[in-house]
K.L.:
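A single structure is presented below for examination.
Because the structure is a prediction, the values reported are computed rather than measured.
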Amino acid sequence: MSKGYDLIVVGAGPGGTAAAKTAADKGLKVLLLERGRTPGDKNMSGSSLWRGISEEIFPGFSEAACNKDMPRFKGIAMQYVLDNDEKTYTLGLAPGADVFRNNMLVFRNETDKWFAEQAVKAGAELKTALAQDLIWENKGTEHARVKGVVTDVGNFEAPVTIDASGLHSILARRAGLAKFGMDKVMLAVKYVYRLDPEVLRQRVDTYWDTDGVEVYDWGDTPVQFGSTPEFFSAHAVAYPGRGIVDITTYQTLKEMVRARINIHQRAQWYLNQTKIKRLIEGGEFIQCNFHCLSAFDTVGYVAKSYLPGLILVGDAGGFANPCDSWGANVAQWQGRMAAELAAEMKAKNDYSEAMFAKYEKTWRESWVGEDEVHEISRFFRDGSFDKIWKAVDEFSSFAIAGKFENMSYVSLFIGGLPKLLPALPAFLEMPMTIKKISEGAVKKAGGLMGLLSALKAE
C-alpha cells in the first residue's frame, strides 16, 4: 500500500499532464499514472493542440523540439458526398495562416511525452501502470468517497484522484459516473504514409509564413462527409517537413454496427479518391492505428463529473464539443482547473463534497458548458443533413440543366421550388438546436447588458 500522495492523476494525455504539471508547480505531491509504455505511445500520429492554453500550462511548448518541422494551415474546406460519389458540395474558407496560428499540428506520441517530461521536472512522479479499479471508503453508504486507485503494479492512495484516462475510462465506469455506449463513440482509423519531403511540398504547394512555419491550404484536400449508410468523415493531412501524410477515416459506431460496415471499407474508398491517390502516390505505408473519440455523439457530457475524492477530466467525462470533436483543449483547461482545486483543498484541509462540487459548477458556467449542444449531432446522424443536400442537389441540377435550355430565372425558381420540399421536415427540426444556442446567447448577453446598464448608471 502506497500512501502520502496529495493527488493521483490517471492518464498522461493533455488533460492528465496539465493536471500533474499544475499541481506539482503548486507544491503538491503528485503521482501520474500512464498505461502506455510511455506517454503518447498509444496515440495516433497527427493531431491538433491549441497554442495558447498549451503555452500557459507548459511554457516553451511552441519552441519545443517535438514541434520542429510541423506545418500550419491557411484554409479548410468541407465537402458533403451524396450517395452518388460524383455528386459533392463543398464549402471552403481560407482566411490566411495568421488565423490558424493558435492551431498547432502535432504528433501526439511526441507532444504527450514532452508534456509528461515537464510535469516530472515540476516534481510529479510518473509511473507505468494500468488503473483497474477505485479504492473506496464507506462504499455503499451516503458517505462513500474515493481514496485511491487499484493498479496492476499496486494500490495508491490520495485524498484527490483525477481521472483523465480517456473515453473508455474504467474508473469513470466503476464510479458509476460514465456509462457511454455506441451513441457516444466515433471510431477512427488512421493510415500513415512516408513520402519524400520535397515531393510532398510540391503536391500540397507550401509556402513559409513570416515566423518560419511552413503553410499550406488544407482546403485542397477537403474534409469529406457523407451518410451512405453510416455517417462518416475522412481527411488527409500532410506534414511536408516530416515527409508524412496521415489519412484518417471516422465512423459513428452505432450506425457502423447497424449497417454492418467495416471501417476499412470506407477508408479504402477514400484512398481511391483522385486527390488522395495523387497525394500519396509512391508513398510507403508505415503504420495503421485506431482510436475512439466523442465526435458527433448524441449523448453529451456526463450528468455528474465528480464524487468525493474523484474528478473526471476530458474524455473520461465525455468532454469534447460534440460537433467539432476537439477535446484536447477542453482536457487541458479542465486538468488545470481540477489541479488548482486540489491545491485549494490541501491549503484549506477541506476535502468535503462541497469543494469537489465547485469543479462541476465552474465548468458548467464556462465555455465548456456552453459548448454542450449535442442536439446538433442528431441533425447529422438521423439523415436530416443528407435530405437537405439531396434537395440542394435536385434543385441545383434542375437549375443548371434548365439554364442550358434557356429557361428564365423566374421559371427556374418556380420549377425548382418543389425540389426543395423533401428537405422541409429537416429544416423544421433545426429550431430545437438553434433554440438551445440562442438561449445560451441570450443568457450571456443579458448578463452583459446588465453590466453595461450598471456602468451607465454610475
Side-chain angles (χ1 to χ4, degrees), residues 7-11 13-16 18-19 33 35 131-136 139 142 144-147 149 160-187 252-254 291-342 352-378 381 433 436 440:
L7 173 67
I8 297 172
V9 180
V10 183
L33 302 176
R35 68 178 181 267
Q132 300 172 321
D133 207 344
L134 295 166
I135 302 172
W136 294 88
K139 185 176 182 180
E142 59 180 341
R145 81 164 31 243
V146 173
K147 63 176 187 176
V149 295
V160 182
T161 296
I162 293 176
D163 179 12
S165 59
L167 188 61
H168 294 298
S169 166
I170 296 173
L171 302 187
R173 288 178 178 269
R174 299 287 193 196
L177 296 177
K179 299 178 181 179
F180 300 132
M182 289 192 297
D183 279 351
K184 179 72 174 176
V185 180
M186 198 174 207
L187 177 65
T252 48
L253 192 56
K254 181 179 180 179
H291 82 293
C292 292
L293 65 162
S294 58
F296 293 98
D297 76 82
T298 57
V299 177
Y301 307 159
V302 287
K304 186 179 180 182
S305 59
Y306 74 93
L307 288 175
L310 178 68
I311 295 173
L312 303 186
V313 162
D315 275 356
F319 298 107
N321 185 301
C323 191
D324 65 35
S325 83
W326 274 305
N329 57 317
V330 180
Q332 287 175 308
W333 185 84
Q334 288 186 318
R336 177 177 59 183
M337 181 178 67
E340 290 172 343
L341 180 60
S352 64
E353 181 167 2
M355 288 295 289
F356 283 92
K358 288 176 64 175
Y359 171 72
E360 182 156 314
K361 183 177 186 297
T362 302
W363 72 252
R364 286 196 183 278
E365 294 178 351
S366 73
W367 60 277
V368 176
E370 289 176 358
D371 265 358
E372 189 186 10
V373 191
H374 56 274
E375 289 83 357
I376 294 177
S377 300
R378 295 194 183 98
R381 293 177 61 176
T433 300
K436 183 167 182 178

K.L.:
Can you find a pair of side-chain heavy atoms, one from Met186 and one from Cys292, that are under 4.5 Å apart?
P.N.:
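Not touching, per the 4.5 Å side-chain cut-off.
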
K.L.:
Who are the side chain to side chain donor-acceptor pair (under 3.5 Å) partners of Asp297, not counting sequence neighbours?
P.N.:
Lys184

K.L.:
Measure across Phe356 and Leu307 and return the closest heavy-atom pair with its distance rounded to 0.1 Å.
P.N.:
CD2-O, 3.7 Å

K.L.:
Would you please name every residue forming a salt bridge (charged side-chain N to carboxylate O under 4.0 Å, His left out) with Arg145, sequence neighbours left out?
P.N.:
none

K.L.:
Quick check for you: to the nearest 0.5 Å, what is the distance between Leu187 atom CG and Met182 atom CE?
P.N.:
12.5 Å

K.L.:
For a 4.5 angstrom cut-off between non-hydrogen side-chain atoms, does Val149 reach Asp133?
P.N.:
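Heavy-atom side-chain distance check fails, nothing below 4.5 Å.
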
K.L.:
For the residue pair Val302 and Ala178, what are the closest heavy atoms and their distance?
P.N.:
CG1-CB, 3.8 Å

K.L.:
About how many Å separate NZ of Lys358 and OG of Ser352, when rounded to the nearest 0.5 Å?
P.N.:
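So the gap between those two atoms works out to 9.5 Å.
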
K.L.:
What do the steps show when you test Tyr359 against Gln334 for side chain to side chain contact (heavy atoms under 4.5 Å, CB included), and what is the final call?
P.N.:
CA-CA 9 Å; Tyr359 171 72; Gln334 288 186 318; 3.4 Å; yes

K.L.:
State, to 0.1 Å, how close Val313 and Gly335 come at their nearest heavy-atom pair, and which atoms those are.
P.N.:
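The pair with the smallest heavy-atom distance is CG1-N, 3.7 Å.
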
K.L.:
Below 3.5 Å, can you tabulate the donor-acceptor pairs from side chains in residues 169-176 to any protein atom, sequence neighbours excluded?
P.N.:
from: Ser169; atom 1: OG; to: Asp163; atom 2: OD1; distance (Å): 3.4
from: Ser169; atom 1: OG; to: Asp163; atom 2: OD2; distance (Å): 2.5
from: Ser169; atom 1: OG; to: Ser165; atom 2: OG; distance (Å): 3.2
from: Ser169; atom 1: OG; to: Leu171; atom 2: N; distance (Å): 3.3
from: Ser169; atom 1: OG; to: Ala172; atom 2: N; distance (Å): 2.9
from: Arg173; atom 1: NH2; to: Phe180; atom 2: O; distance (Å): 2.7

K.L.:
Show every side chain to side chain donor-acceptor pair (under 3.5 Å) that has at least one partner inside residues 301-320, sequence neighbours left out.
P.N.:
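Those involving residues 301-320 are Ser305-Glu360, Ser305-Trp363.
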
K.L.:
Heavy atoms only: give me the nearest Leu7-Ala19 pair and the separation to one decimal.
P.N.:
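Heavy atoms of Leu7 and Ala19 come nearest at CD2-O, 4.5 Å.
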
K.L.:
For Asp183, check salt bridge (charged side-chain N to carboxylate O under 4.0 Å, His left out) against everything at least two apart and list the hits.
P.N.:
Lys254

K.L.:
Please assess Arg381 against Thr252 for the test side chain to side chain contact (heavy atoms under 4.5 Å, CB included), listing each intermediate value before the final yes or no.
P.N.:
CA-CA 8 Å; Arg381 293 177 61 176; Thr252 48; 3.6 Å; yes

K.L.:
Looking at every non-hydrogen atom in both residues, tell me the closest pair between Gly16 and Val9 and how far apart they are.
P.N.:
O-CG1, 3.4 Å

K.L.:
Should Thr161 and Ile311 count as side-chain neighbours, where that means a heavy-atom distance under 4.5 Å?
P.N.:
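No, their side chains stay 4.5 Å or more apart.
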
K.L.:
What do the steps show when you test Asp371 against Phe319 for side chain to side chain contact (heavy atoms under 4.5 Å, CB included), and what is the final call?
P.N.:
CA-CA 9 Å; Asp371 265 358; Phe319 298 107; over 6 Å; no

K.L.:
Side-chain contact, heavy-atom cut-off 4.5 Å: Leu134 with Leu310?
P.N.:
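Yes, side chains in contact.
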
K.L.:
What residues form a ring-ring contact (aromatic ring centres under 6.0 Å, His included) with Trp326, not counting sequence neighbours?
P.N.:
Trp50

K.L.:
Test of understanding: with salt bridge (charged side-chain N to carboxylate O under 4.0 Å, His left out), list the residues that count as partners of Lys179, not counting sequence neighbours.
P.N.:
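Not a single residue meets the salt bridge (charged side-chain N to carboxylate O under 4.0 Å, His left out) criterion with Lys179.
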
K.L.:
What residues form a salt bridge (charged side-chain N to carboxylate O under 4.0 Å, His left out) with Glu142, not counting sequence neighbours?
P.N.:
none

K.L.:
Run the side chain to side chain donor-acceptor pair (under 3.5 Å) test against Thr362 and tell me which residues pass, sequence neighbours left out.
P.N.:
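Here no residue qualifies.
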
K.L.:
Can you sort out the partners of Lys147 under side chain to side chain donor-acceptor pair (under 3.5 Å), two or more places apart, ordered by chain and number?
P.N.:
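By the side chain to side chain donor-acceptor pair (under 3.5 Å) rule, Lys147 matches no residue at all.
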
K.L.:
Looking at side-chain heavy atoms only, is the closest gap between Val185 and Leu167 below 4.5 Å?
P.N.:
yes

K.L.:
If I compare all heavy atoms of Ala164 with all of Gly15, which pair ends up nearest, and what's the gap?
P.N.:
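It is CB-C, 4.2 Å.
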
